[in-house]
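What follows is a set of notes on a single structure, which appears directly below.
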Amino acid sequence: MATTKDGLVSALRTPTGAISTLMVAALIVLAVVAPYIWADEAARVDIPGLLEGSSSDHPLGTDNLGRDLFARLLVATRLSLTLAVLAVAVGACVGVPLGALPTVLGRRGGRAIASFIDFSLAFPSILLVIFLGVVLGVGAHAAVLAIGLSAAPSFARLTQTLAASVASSDYVAAAKVLGVPRWRILARHVLPNVAEPIILNVTLAVGFALLAMSGLSFIGLGVQAPSYDWGRLLNEALGRIYVHPETALGPAAAVVIAGLAFNSLGEALAAAASTRPAAVPRRLLREQKTPHPASVSSAVGADAAPGPALVVEDLTVSFPSRFGVITPVRGISFALSKGELLGVVGESASGKSLTALALAQLVPYPGRVSATRLEIDGHDLRTMPTTARKRLLGTSLAMVFQDPGTSLNPALRVGRQIAEVGEVHGGLGRRAAMRQAVERLRGVRMSSPARRARQYPHELSGGMRQRAMIAMGLMAEPKVVVADEPTSALDVTVQQQILQLLRKVRDDTGASAILISHDIAVVAQFCDRVLVMYAGRIVEDVEAGALHTGPAHPYTRALLASIPDMSTDRTQPLATIAGRPPDASAIPDGCAFAPRCDFATDRCREDRPDLAAVDSTWQRVACWYPRTGPVAAQNTPELVGQ
Amino acid sequence: MAVSPLSAFRSAARNQTARFLVRRLGRLAASMLGLLTISFAMIHVIPGDPVRAALGPQASASLVEQRRAELGLDKPILEQYLDYVTGIFTGDLGTSLVSNLPVSQIIADRLPNSAQLAGIAFVVIMGLAVPLGMLAAVLTRDGRGRTTELVFQGTTGVLAVVPGFVLGVALVYLFAVELGWFPVAGQTGPESYVLPVAALCIGSIAALARIVRAETLDVLGEDYMRTARGKRLPARLEYLRHALPNMLTSTVTIGGLLLSGLVGGTVLVEIVFAWPGLGVTAVSSVTQQDFALAQAIMVVLGAAVLVANLAVDLILGFLDPRSTIREQ
């Protein structure tokens with residue numbers, strides 16, 4: 001029960017939790033002491049003073065025998081709470097064993113119980129109320145039983161779900177293999193593990209039972225005179241609402257406050273029990289897949305048309321966080337020529353994906369993007385009016401994301417999702433847009449495009465979905481295609497097809513492309529030029545062909561050296577880069593790579609090198625001690641192996 | 001006979017749909033039978049003599065015997081059961097022990113009024129809660145609008161707990177007694193629907209809007225919503241075309257639960273407003289031990305819930321092509 005206690009303690013720390021705990025505690029104290037203090041006053045008949053309104057003697061007035069309604073309200077706390085607790089006890093005592101039964105019984109018996117639970121969950125409690133009211137006669141006992149029994153199916157369902165997940169766990173499987181009897185597994189393993197959520201559910205159920213019980217007493221099917229609970233008091237007040245509405249106020253408020261107290265306590269406990277998701281968006285935290293080996297072939301350089309398709313200067317992305325502002329992208333500058341294939345490579349959290357999102361202005365809230373220049377096809381995004389900017393981004397920039405399985409809307413047909421770009425930005429009619437969408441699908445070499453357009457994403461394979469994503473981006477004839485890990489979620493055999501398709505797109509349309517990848521081998525093979533990112537900055541800007549002849553940054557060289565090839569010695573562990581990239585919240589003052597670099601000096605640790613040209617070529621590197629010459633084979637002293 | 005793979009696939013899909021329908025209808029039939037049996041069993045598990053209990057201690061022994069014979073309680077139990085089931089399917093629900101009227105007539109008088117109330121309430125709840133919850137989610141997505149979130153969660157949290165009958169009393173006091181805008185009770189015209197429907201709706205709207213908000217926030221965090229944002233669609237398309245269909249499954253499921261919850265809520269609210277529906281009749285049938293009437297009300301309300309559940313399942317099965325509900 002330690003976990004429940006911990007849950008209660010942490011629930012107490014939240015404002016809602018603290019207030020609701022206090023309220024519940026106050027109600028319990030009132031239920032215990034009120035009858036001792038006010039019972040006499042609540043029962044004192046005062047015929048001359050009957051049916052009075054609010055006065056200083058009787059804050060809520062008096063009833064038809066002149067009894068003080070405020071005293072009666074306080075005294076009724078005990079009965080109202082007791083009946084609710086009794087009802088929940090009935091519900092839990094029937095429901096929990098019922099829900100545990102499928103674990104104990106075999107498969108067939110378990111299934112029968114499960115469908116019985118399903119069946120009874122569907123029925124509203126009022127049917128049980130009628131049934132038991134007729135059979136047992138009208139009264140609190142029938143009402144408590146009815147409310148309890150109608151709470152039972154939800155207890156049963158909860159227990160069943162929890163027990164099933166515990167029962168399928170490894171340690172229970174081990175116990176079964178050891179021949180531990182089923183009832184013993186239930187008592188030893190299952191019940192202790194399901195106790196906490198059930199206790200939480202009890203708190204919520206007391207709130208519901210209290211409301212339900214008051215309701216039944218209110219309509220005359222619950223507590224009968226001379227006993228009284230809040231529901232009965234409210235019932236008696238309803239007839240007098242014209243003359244003395246304040247008599248209804250007390251019981252109504254009591255019912256609502258008590259219901260609220262138990263409900264909020266239950267919810268606070270539930271919130272404390274479930275670990276809340278972090279404030280940082282999920283996809284920023286998502287782990288990248290481990291790099292897979294791929295062979296390096298020489299990059300095919302394409303003749304790029306002059307004039308930049310994209311100009312970025314001093315692009316910075318920052319997020320406010322509990323630990324102050326973190327800046328995962330720190331002042332990135334580069335230009336992309338028309339028709340150029342640019343690779344951006346780096347480890348997880350190097351800021352490459354956020355750079356892509358920042359270009360598309362899709363950085364999730366509360367991220368902030370700033371840049372001194374951000375131009376697509378000569379148009380500055382920062383100074384454009386909103387509508388024009390949206391149009392430009394919707395048409396000139398195409399995004400292809402890592403996982404086509406989650407990036408396509410599962411509820412819409414593929415063709416529809418592609419065509420709507422043409423409708424919204426191209427001014428096409430529904431039919432013309434769909435025709436063009438089918439054309440685009442054909443353009444990305446989708447088999448039977450017209451049929452695929454009518455299908456839902458889940459009916460397509462991973463490769464086909466990524467083709468559809470690319471077709472979607474091509475709908476508006478983009479100037480820049482940004483592909484963020486477009487092949488990481490795909491089969492190795494499909495990867496090459498998708499990369500070739502991206503190149504074909506460039507050849508056919510003249511669009512530039514940015515390929516973001518953790519895999520330097522893929523980037524080197526596919527792109528004309530490569531940006532290497534580390535800790536939110538570009539550390540090297542190099543022609544793909546030069547990656548083999550003379551990458552200058554030690555990080556680039558280490559990345560290249562960690563690619564295994566056919567000659568790699570299989571008896572040695574694969575080369576890795578020792579250490580980890582720095583956390584975005586704690587980037588060192590000097591070169592961020594210095595702690596992992598073999599060549600680092602005090603200068604590197606104190607003074608950050610800027611991205612600067614190497615030997616008057618257009619290769620740029622951010623390093624005080626740039627290297628020269630081809631990268632040596634694996635497991636040489638230059639590398640930090642393990 | 002050569003069967004092309006495509007047509008084989010199509011007929012399999014058709015079969016799957018047919019199987020799904022048959023299974024669902026079978027389950028409905030089984031549940032109906034269970035309901036009938038339980039309601040039939042009711043009078044046989046009453047301790048003592050139900051007819052005597054209903055007619056009171058003053059009734060003569062011959063009258064009690066006569067009533068017993070009229071009700072067929074002297075026949076063998078299996079015969080009674082068959083009579084009961086066939087009676088229900090031919091519209092013969094027996095005779096009220098108290099008013100001596102045919103039960104079917106009482107139900108026919110009362111049921112439409114309750115159904116109207118619940119039906120209007122259901123439409124209002126779904127019509128308001130879904131847009132409200134979506135709007136709240138859009139305004140508070142990714143941790144935006146902390147104040148909006150606080151106000152929304154606080155208000156809906158309180159309203160969701162206020163039971164309909166308490167809210168009804170408050171509404172009567174405020175809008176009928178103090179302001180006099182609406183009638184206090186009864187079914188007198190269109191304006192007499194306002195307060196009962198409001199009492200029935202407000203709590204459910206609050207509860208459902210909270211759930212819809214949570215569901216919408218989940219959907220808005222999905223990758224495909226980022227894709228939609230990347231297309232720079234108008235907000236209308238982004239939320240209605242891309243987000244809404246992905247929440248329909250859960251919304252319809254909750255809508256179904258709501259519908260059966262409304263059955264109980266309607267009974268309570270009808271009492272507050274003296275609404276001439278089944279609720280008042282249900283309560284009096286219990287307090288007066290009019291078991292023939294109580295039996296019929298159980299069957300009618302239960303059947304309504306079962307049909308509503310079936311409708312929800314069918315909608316879910318056809319709404320979501322990947323729905324696993326078809327397999328169950």
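- Residues A/Tyr365 and B/Asp142 approach most closely at CD2-O, 3.1 Å, considering heavy atoms.
- For B/Val305, the part lying near chain A is the side chain, with the backbone staying farther off; criterion is any non-hydrogen pair under 4.5 Å.
- Only the side chain of A/Leu234 has a heavy atom closer than 4.5 Å to any heavy atom of chain B.
- In terms of heavy atoms, B/Val161 sits closest to A/Val256 at CG1-O, 4.2 Å.
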Between A/Phe131 and B/Val45, is a side chain to side chain contact (heavy atoms under 4.5 Å, CB included) present by the stated rule, with each step listed?
CA-CA 10 Å; A/Phe131 185 91; B/Val45 294; 4.2 Å; yes
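- There is no contact between A/Thr395 and chain B, counting heavy-atom distances below 4.5 Å.
- Using a 4.0 Å cut-off between charged side-chain N and carboxylate O, B/Lys231 and A/Glu423 make no salt bridge.
- For the set A/Gly259, A/Pro245, A/Pro404, the count of heavy-atom pairs under 4.5 angstrom toward chain B peaks at A/Pro245.
- The CG atom of B/Leu268 lies 7.0 Å from the CG atom of A/Leu216; values are rounded to the nearest 0.5 Å.
- Proximity to chain A is absent for every atom of B/Val280, based on heavy atoms less than 4.5 angstrom apart.
- When all heavy atoms are compared, the tightest approach of A/Leu211 to B/Phe165 is O-CE2, 3.9 Å.
- Side-chain contact between B/Glu270 and A/Ile219: absent, with no pair of heavy atoms (C-beta onward) separated by less than 4.5 Å.
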B/Val272/A/Phe218 under side chain to side chain contact (heavy atoms under 4.5 Å, CB included): CA gap, chis, key distance, verdict:
CA-CA 9 Å; B/Val272 177; A/Phe218 175 74; 3.4 Å; yes
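- Chain B forms the most heavy-atom pairs under 4.5 Å with one residue out of A/Glu420, A/Met475, A/Gln361, and that residue is A/Glu420.
- Proximity to chain A (any heavy atom under 4.5 Å) is restricted, for B/Leu306, to the side chain, taken from C-beta onward.
- For chain A, the nearby parts of B/Ile38 are the backbone and the side chain; heavy atoms of each come within less than 4.5 Å.
- Atom CD in B/Glu222 sits 10.0 Å away from atom OG in A/Ser407 (nearest 0.5 Å).
- Closest non-hydrogen pair, A/Leu127 versus B/Gly302, comes out as CD1-CA, 3.6 Å.
- Counting heavy-atom pairs closer than 4.5 Å to chain A, the top-ranked of the candidates B/Asp290, B/Leu262, B/Val158, B/Val283 is B/Val283.
- In this structure, CG in B/Asp223 is found 9.0 Å from CD in A/Gln402, a value given to the nearest 0.5 Å.
- A/Ala248 touches chain B through its side chain: at least one heavy atom from C-beta onward sits under 4.5 Å away, while N, CA, C and O do not.
- How far CG of B/Leu233 is from CD of A/Gln417: 10.0 Å, rounded to the nearest 0.5 Å.
- The two residues B/Arg232 and A/Val424 come nearest to each other via the heavy atoms O-CG1, 4.1 Å.
- When every heavy atom of A/Asn409 is checked against every heavy atom of B/His242, the shortest pair comes out as ND2-O, 2.9 Å.
- Contact count against chain B (heavy-atom pairs under 4.5 Å) is highest for A/Gly215 among A/Gly215, A/Ala252, A/Ala476.
- The cationic atom of B/Arg226 (NZ for Lys, CZ for Arg) lies less than 6.0 Å from the six-membered ring centre of A/Phe401 and within 45° of the ring axis.
- Atom CZ of B/Arg144 is surrounded by more than 12 heavy atoms from other residues, nucleotides or ligands within 6.0 Å.
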Walk me through it: do B/Gln295 and A/Val134 pass the test side chain to side chain contact (heavy atoms under 4.5 Å, CB included)?
CA-CA 9 Å; B/Gln295 220 172 24; A/Val134 169; over 6 Å; no
